[in-house]
*Asks:* 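Okay, handing you the structure first.
By convention in this document, chain letters (A, B, ...) are assigned in the order of the sequence lines, proteins followed by strands, and residues within each chain are numbered from 1.
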There are 2 protein chains.
Amino acid sequence: MTVGGDTVTEVVRLSWKDVRDRVHGRVLDGTYAPGDRLPRDEDLAEEFGCARSTVQRAMQDLSLSGIVERRRKGGTRVRRDPVTRATLDIPITRNEVENRGAVYGYRLIGLTTEAVPPPVTAKFEMAGSEEMLRVRALHLADGHPFVFEDRWVSLRTVPEILEIDLAAQSANEWLVRNKPYTRCDLRFYAMNADAETAAILETGEGAALMVIERTTWIGLDPITSVKAVTAPGYEILTRS
Amino acid sequence: MTVGGDTVTEVVRLSWKDVRDRVHGRVLDGTYAPGDRLPRDEDLAEEFGCARSTVQRAMQDLSLSGIVERRRKGGTRVRRDPVTRATLDIPITRNEVENRGAVYGYRLIGLTTEAVPPPVTAKFEMAGSEEMLRVRALHLADGHPFVFEDRWVSLRTVPEILEIDLAAQSANEWLVRNKPYTRCDLRFYAMNADAETAAILETGEGAALMVIERTTWIGLDPITSVKAVTAPGYEILTRS
DNA sequence: AAAATTAATATGTAGCTACATAAAATTGTC
DNA sequence: GACAATTTTATGTAGCTACATATTAATTTT
């Protein structure tokens, strides 16, 4: 490009993502080795010819994804023991089924009001026990069992749940649409199907099943705790 | 506070986290219902008495955590189908064992060079097959089997692996410390222990085991793909 | 020498401006 | 009226400044 006789080099403006990737590249190629301290943001900014705020955004992102650690005054250093950090999305079960191109089905199995047993009070981190709504239901994909959920819903926090026809609409959908939470604990493990679960999921006793337990709160108040037992072959994938 | 006879109200400066929490609160209490369009950043900024950049940071965070969706010109709206979004940390197995207060142990079971079978080329998204290093090893906690890993390492991408004494140091540790990746795919599922796996993990045949498969790349080049079969009782928890 | 205080410093955050970009809404053309 | 071109608009990003905050390092006090 030429303006008034002078050659004007195109000014390439670095985005914070460019800075992030270039710094990440240096971690990848060993320029900055695990445990090493990186130059301060200001120096990197000068080197890259951008503002410190741009470097700051880049480094924060690297810090979030577990590549580096940052401490005020301590500076930034490459994490010595990198962790694999992944983001998981757990959709509403209906959407999960429909995204697979299957027809969603739902069957209410049991609806009772019971005193919460100790394993569940423990999940809620509650001091004592109380009466909650227990909803047992089956989600189906193309008519086949997909997920069996055994759920407890706090009647103190969510009394409106009693107004809902849980034979027509799953508690999963109603809660997730109407009761956003501020805290969510997840737990994944494998279990062998017991006789009852095997019967419900139409599989053999002893089959290896993946279980997803999810407990949610709004503030300090418990909303719900579900044990979702998935049918054989279920798998969880990290997104992108 | 009084200065020179005038009452001076303390100016409370809102942080972007405050803005985020207040907007989130409105989603929680239904002021903004699922599907609703929120005021534009500028209006929220005026309402809260802060800069648009502060609102922008807040809204971006809400967008990242799956509460709202933002689109240029389209504005911001509350997600109609909220997903449970969680962040998972998968540490180096040694650290995982030691963080539980157990003594870490490691045993190399097999080390061969083999042509990669189709299921693994599929994970790597490779066109054809090639020779890779296959490492089978057992991680122990207090002398008991903890995780059995069956790993493939690309000799094209990571030829240095041949220099490492994999009887002394696990490929898991060496790779994670020396070969940062740019892409990582994770897959979790449950399987019944077959005879060989049961023997290695010292459990019964048919036991329900959680499997974590992880495949990593640097750029487009495959680094490694592991199938980590965990001992009975293993569970994955989301952090914080 | 140990403890408490102070200073120095790197990151964290808020405010402002200017401009980029994507998508919707409008206008113009055939 | 359908399609293309243009304008409008809300979010996205970069740069700058100023100040906050957490830690470490240095200094002073006991």
*Asks:* In this structure, how many angstroms lie between the P atom of D/dA14 and the CD atom of A/E46, rounded?
*Replies:*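 Taking CD of A/E46 and P of D/dA14, I get 19 Å after rounding.
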
*Asks:* How many Å lie between CZ on A/R71 and P on D/dA25, as a whole number?
*Replies:*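 Atom-to-atom, A/R71 to D/dA25, this comes out as 10 Å.
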
*Asks:* Respond yes when some side-chain nitrogen or oxygen of A/R40 is under 4.0 Å from OP1 or OP2 of C/dA10, and no when none is.
*Replies:*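 For C/dA10, OP1/OP2 do have a side-chain N/O of A/R40 under 4.0 Å.
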
*Asks:* The side chain of A/R72 lies closest to which of these nucleotides: D/dA18, C/dG15, D/dA22?
*Replies:*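 From the listed options, D/dA22 comes nearest.
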
*Asks:* Please check the phosphate of D/dA14 (OP1 and OP2 only) for any side-chain N or O of A/S15 closer than 4.0 Å.
*Replies:*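 Yes, because at least one side-chain N or O of A/S15 sits under 4.0 Å from OP1 or OP2 of D/dA14.
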
*Asks:* State whether B/Q60 places a side-chain N or O below 4.0 Å from either non-bridging phosphate oxygen (OP1 or OP2) of D/dG12.
*Replies:*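 The answer is yes; a side-chain N or O of B/Q60 sits under 4.0 Å from OP1 or OP2.
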
*Asks:* If I take atom CZ in residue A/R77 and atom P in nucleotide D/dT23, what distance separates them, rounded to the nearest angstrom?
*Replies:*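 About 14 Å, once rounded to whole Å.
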
*Asks:* Please report the distance, rounded to the nearest Å, between CD in B/E69 and C1' in C/dA22.
*Replies:*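 Taking atom C1' of C/dA22 as the reference, CD of B/E69 is at 16 Å.
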
*Asks:* Any sub-3.5 Å donor-acceptor pair from B/D18's side-chain atoms to B/S15's backbone N or O?
*Replies:*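 Answer holds: yes.
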
*Asks:* Given that B/G75 and A/R57 both sit by DNA chain D, which one's nearest nucleotide is further toward the 5' end?
*Replies:*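 In this pair, the answer is B/G75.
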
*Asks:* Quick one: B/L64 CG to D/dG12 P, roughly how many Å, whole number?
*Replies:*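 Taking atom P of D/dG12 as the reference, CG of B/L64 is at 10 Å.
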
*Asks:* Can you find a side chain N or O atom of A/T76 that sits less than 4.0 Å from OP1 or OP2 on C/dT11?
*Replies:*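 Affirmative; the distance criterion is met.
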
*Asks:* Using a strict cut-off of less than 4.0 Å between a Lys/Arg side-chain nitrogen and an Asp/Glu carboxylate oxygen, indicate whether A/E125 and A/R183 qualify as a salt bridge.
*Replies:*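 Counted as a salt bridge, because a side-chain N and a carboxylate O are separated by less than 4.0 Å.
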
*Asks:* Considering every strand and a 4.0 Å limit on heavy-atom distances, what is the contact class for A/Q56: base, sugar-phosphate, or nothing?
*Replies:*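 A/Q56: base contact, heavy atoms under 4.0 Å.
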
*Asks:* If you check the A/W16 side chain, which of D/dT13, C/dG15, D/dT9 turns out closest?
*Replies:*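 Nearest to the side chain of A/W16 among the choices is D/dT13.
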
*Asks:* Of the listed nucleotides (D/dC16, D/dT9, D/dT13), which one gets closest to any side-chain atom of B/K73?
*Replies:*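 Taking heavy atoms from C-beta onward, the closest nucleotide is D/dT9.
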
*Asks:* Counting N and O atoms only, with roles assigned by atom type, does the side chain of A/S63 sit under 3.5 Å from a partner on the main chain of A/M59, one being a donor and the other an acceptor?
*Replies:*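 Checking the backbone N and O of A/M59 against the side chain of A/S63, no donor-acceptor pair under 3.5 Å is found.
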
*Asks:* Round to a whole Å and report the spacing from CG of B/D41 to C1' of D/dT13.
*Replies:*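 Spelled out: CG on B/D41 to C1' on D/dT13 is 13 Å.
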
*Asks:* By the 4.0 Å heavy-atom rule, please label B/R37 as base, sugar-phosphate, or nothing.
*Replies:*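 Sugar-phosphate, no base atom in range.
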
*Asks:* When the distance from CZ of A/R52 to P of D/dG15 is rounded to whole Å, what number comes out?
*Replies:*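 Interatomic distance, CZ of A/R52 to P of D/dG15: 13 Å.
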
*Asks:* Quick check against the 3.5 Å criterion: does B/T157 have a side-chain atom that pairs as donor or acceptor with the backbone of B/P222?
*Replies:*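 Pair found, side chain donor or acceptor close to backbone of B/P222.
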
*Asks:* Classify the nucleic acid contact of A/G74 as base, sugar-phosphate or nothing, counting any heavy atom under 4.0 Å across all strands shown.
*Replies:*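 Result for A/G74 = nothing.
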
*Asks:* Would the distance check show the side chain of B/R85 and the main-chain N or O of B/L64 forming a donor-acceptor pair, the cut-off being under 3.5 Å?
*Replies:*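 Yes, the answer is positive, given that a donor and an acceptor are paired below the 3.5 Å cut-off.
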
*Asks:* Grab the CG-P distance between A/D43 and C/dA10 for me, whole Å please.
*Replies:*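 Spelled out: CG on A/D43 to P on C/dA10 is 8 Å.
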
